Amino acid sequence: MAFSVDQVLGGLTEPQREAATVVDGPLLVLAGAGSGKTRTITRRIAYMIACGIPASSILAITFTNKAAGEMRERVNHLLAEAGRAGWGVTVATFHSLCVRILREHAEAAGLSKTFTIYDSADQTKAIKQAIKDLNLSPENFQPAAVHSAISKAKNDLKTASAYAQEAPAFFEKNVARIYAKYEAVLAGNKAVDFDDLLLKTAIMLRDNKDVRAKLQEKYQYISIDEYQDTNHAQFVIAHMLAMNHKNICATGDPDQSIYGWRGANINNILEFEEFYPNAKVVLLEQNYRSTKTILKAASALIANNVKRKKKELWTENETGPQITKLTLNDEHHEASEIVRRIKEAHDKEKLDWDKFAIFYRVNSLSRVLEETLMKAGVPYQIARGTEFYARKEIKDVLSYLRVVANPSDNVSLERIINVPGRALGDTSVAKLAAFAGEHGLSLLEACGRVDELAGTGGLMTRAITSAKKLAGQFAAWRAMAYGQPEEADSKEPQPEAHGDDPLFSQSLADMMAEAEEISEEITEENSEFGVQNSELEGQPAAAAVPGKPRVKIKDLMDRIVKESGMEGDLKKNDGEDQGADKLANVAELISVAAEFDAQCEANGLPGTLDDYLEQVTLVSDVDRLKDTGGSVTLMTLHAAKGLEFPFVAMAGCEDGLMPHSRAISFGANPDEMEEERRLAFVGITRAMKHLIMTVARYRMVRGETVRTVESQFFGEMPDECFDEHNLAGDDEGAGSLGYRDEAGYGRRAANERRQYEAVAQRSEANATAGEFKRGQLVRHAQFGLGRIEDISAAGTMTRAVVKFQGIPAAKTLILQYAKLEKVDA
DNA sequence: TGGAATTGGCTTTTT
DNA sequence: GCCAATTCCA
């Protein structure tokens, strides 16, 4: 054993070695940017195995699927070198781990085994539905805002009723109602959303002693990466799992906490020691990535944050070149200058394209950069905002599959019930839905029994035929997917009033049981998805159903695309439209599915439809980036976390963008500014040697050209770190004018001003006693503190548009009724 | 019912 | 400015 221990720990520095060898008891590794954190954790896991800890009792949680895959690979590689088999460690993200736990303990969690996972788009849709059902106006309750409120509540483990109890004011009270309704919609569709994965797992672990004990025994050694970005639900899950053996290792860097906006709680890491008083703490402060210059600038910047643990990054690397700071005319100038310099470095320094990255704060900046790269013939890849899986045609195909997997999923069915057109428009669907509601059926079941509706509802003959046909098709596809010999299910004997898991759940359960028997170890331990170990020599294949080859997702998909008429529809619309594009995307989806099939085949995994759908739902943009692209990488600062590049360009280093205006604007939590600073810090510390930061003097924002001010963060970093060039041809010294050009820029701005002035004049005359003006701070009995954004007179009424703190949508109030109270700043 | 045309809203970040 | 969603029109 000793031999492998040495091999496993070889080349680690003293602190790294310490972190890797403290295996028992709580451990906190505060790892600065570029301090070899991943390397250390990987070694730590390998060390545990080398010490004889069974791989199956090790759980490693990472932030992205990509990180999970990489870690798995590295652990395997290390152990192979040390002559050990590395498979069997569970490496997962919180979300994928939860899916697994929930499927295994579906009953205990109060879920159907075949639950569908809704992505954000599905969630928003379901929320819209709930808002509509409650007869609330979508204007006052913007689905997106409600969505984020609910999501936040779930991350804090607040169920609908708990949330309702605490709801302080009007808005929240109604959100509570929507929340409850939304939960009902989800349950009706046998669906869970992203947040539910965490919430349901956390609650089950908290309340169900048996399940908790079982999982505690299973995962005796737990390590969690990027701990600074965990939220409350994740915190609870981690500690429920660890509370017995207390072998929990949290690694992370408070300075790189950038997901506060979605509920991550930086205090989880800041207070780890309070939670585990006997925790061992290791600091990794030596940076192996960046030059002294880059590190100096980054350290100076982050030192401005109050909420942090002091840490001094240092490096033995060279001083390196100064950071290039460029001021350009506009975003086009910015893009061309960045591209020019990238090309230059590519040619002169013989750097491959994949050594370059361009970061930006918001996705909208990518457009011009992309165009410029394309024109210049520079290969690039991008973690896109509207990524592949969000495309309409892709979502459509996946919706078909989801309905096959879960016939109760009405949201997915509604999405495609008339795609391609089959005479089932809004009217017909409404009737079907009403019928379904009356009889406690799913929408699909209603389609199958449309005959019974014919007398009453008066559905078009064509619609009736279509509905029946569709129900029949789904039955057939389902039979194919789950290896059911019959195809007769659509006319199946009455699925009784409230079908709990109708149709096929039986066969699925059997299959799962069988698969488990065959190789409990493998299915359980070999991680989730298609990303698999390659070192699985000699393991028995865990085929889904013995004697029957597993159904290929590709074949199923192929069949659905053809039989549903989608293919024909897209071909028909080919007329130099996007039809061809869409068809190509579908083809791409199918070939990715074929890859999934092949992966599962190779690793002897069941690779059921449910597995596939789960995989597809939980991938992110970053996961889709290839390492070996031979291309320049474009991404948001958020996506850049954990990566490194020899040459980095950060575009849009301007106030309003970085830091984002949201953190600057009225009512912003001061913590937000710190998070913006951390975001900039993350960006800067990705760079190994070359760093360019650019400022565009004018930038097109939402169709308006605005005058910008360079980022206030520049003022927090030492001048000597920068090599500054002003390549903007025009005016000097205008930088102090403010965010928007005083003179107005463009017709639209002028128009707006004229309108504003007119309104202001009118309201001046009408406003009660004239004390309310635009910009005035006010207090409202229900909504709280706000600021008047606009004010106007209409007849005898004066209307004020007020933006209240904590309420995303501005409210329009009538002054005579609203009893606004003036607040002095 | 489907396609065109207009509006409106949006822009943080994503598992 | 762009995209999606809604509305309008045939």
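Owing to the predicted nature of the structure, the values given are computational and were not obtained by experimental measurement.
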* Taking E654(A) for the side chain and A696(A) for the main chain, is one N or O donor matched with an acceptor at less than 3.5 Å? -> yes
* Do side-chain atoms of N406(A) reach the backbone of N189(A) as a donor and acceptor pair under 3.5 angstrom? -> yes
In whole angstrom, give the distance that lies between atom [atom1] of [X] and atom [atom2] of [N].
X       : N       : atom1 : atom2 : result
D193(A) : dT14(B) : CG    : P     : 18 Å
I258(A) : dT15(B) : CD1   : P     : 11 Å
L365(A) : dC2(C)  : CG    : C1'   : 15 Å
L102(A) : dT15(B) : CG    : C1'   : 15 Å
F359(A) : dT13(B) : CZ    : P     : 16 Å
E226(A) : dT13(B) : CD    : C1'   : 15 Å
R100(A) : dT15(B) : CZ    : P     : 19 Å
R699(A) : dG1(C)  : CZ    : P     : 16 Å

* For F94(A) and dT15(B), do the ring centres fall under 5.5 Å apart while the planes stay under 30° apart? -> no
* To do: Name all residues meeting the ring-ring contact (aromatic ring centres under 6.0 Å, His included) criterion together with H147(A); count only those two or more places apart in sequence or in a different chain, and write none if there are none.
  => none
* To do: Please identify each residue that fulfils ring-ring contact (aromatic ring centres under 6.0 Å, His included) with F63(A), with sequence neighbours left out.
  => Y259(A)
Below the 4.0 Å mark, does [N] have OP1 or OP2 next to a side-chain nitrogen or oxygen of [X]?
X       : N       : value
N363(A) : dT11(B) : no
S364(A) : dC10(B) : no
R367(A) : dC3(C)  : yes

As a test of reading the structure: which of [options] is closest to the side chain of [X], going by heavy atoms?
X       : options                   : result
T93(A)  : dT14(B), dT15(B), dG1(C)  : dT15(B)
F194(A) : dT11(B), dT14(B), dT15(B) : dT15(B)
V362(A) : dT13(B), dT14(B), dT11(B) : dT13(B)

* Would you sort out whether H660(A) and W261(A) count as a ring pair (Phe, Tyr, Trp, His ring centres under 6.0 Å), showing the intermediate values? => CA-CA 13 Å; H660(A) 192 270; W261(A) 53 273; over 10 Å; no
* Asked: DNA chain B: E676(A) or N418(A), which has the more 5' nearest nucleotide?
  -> N418(A)
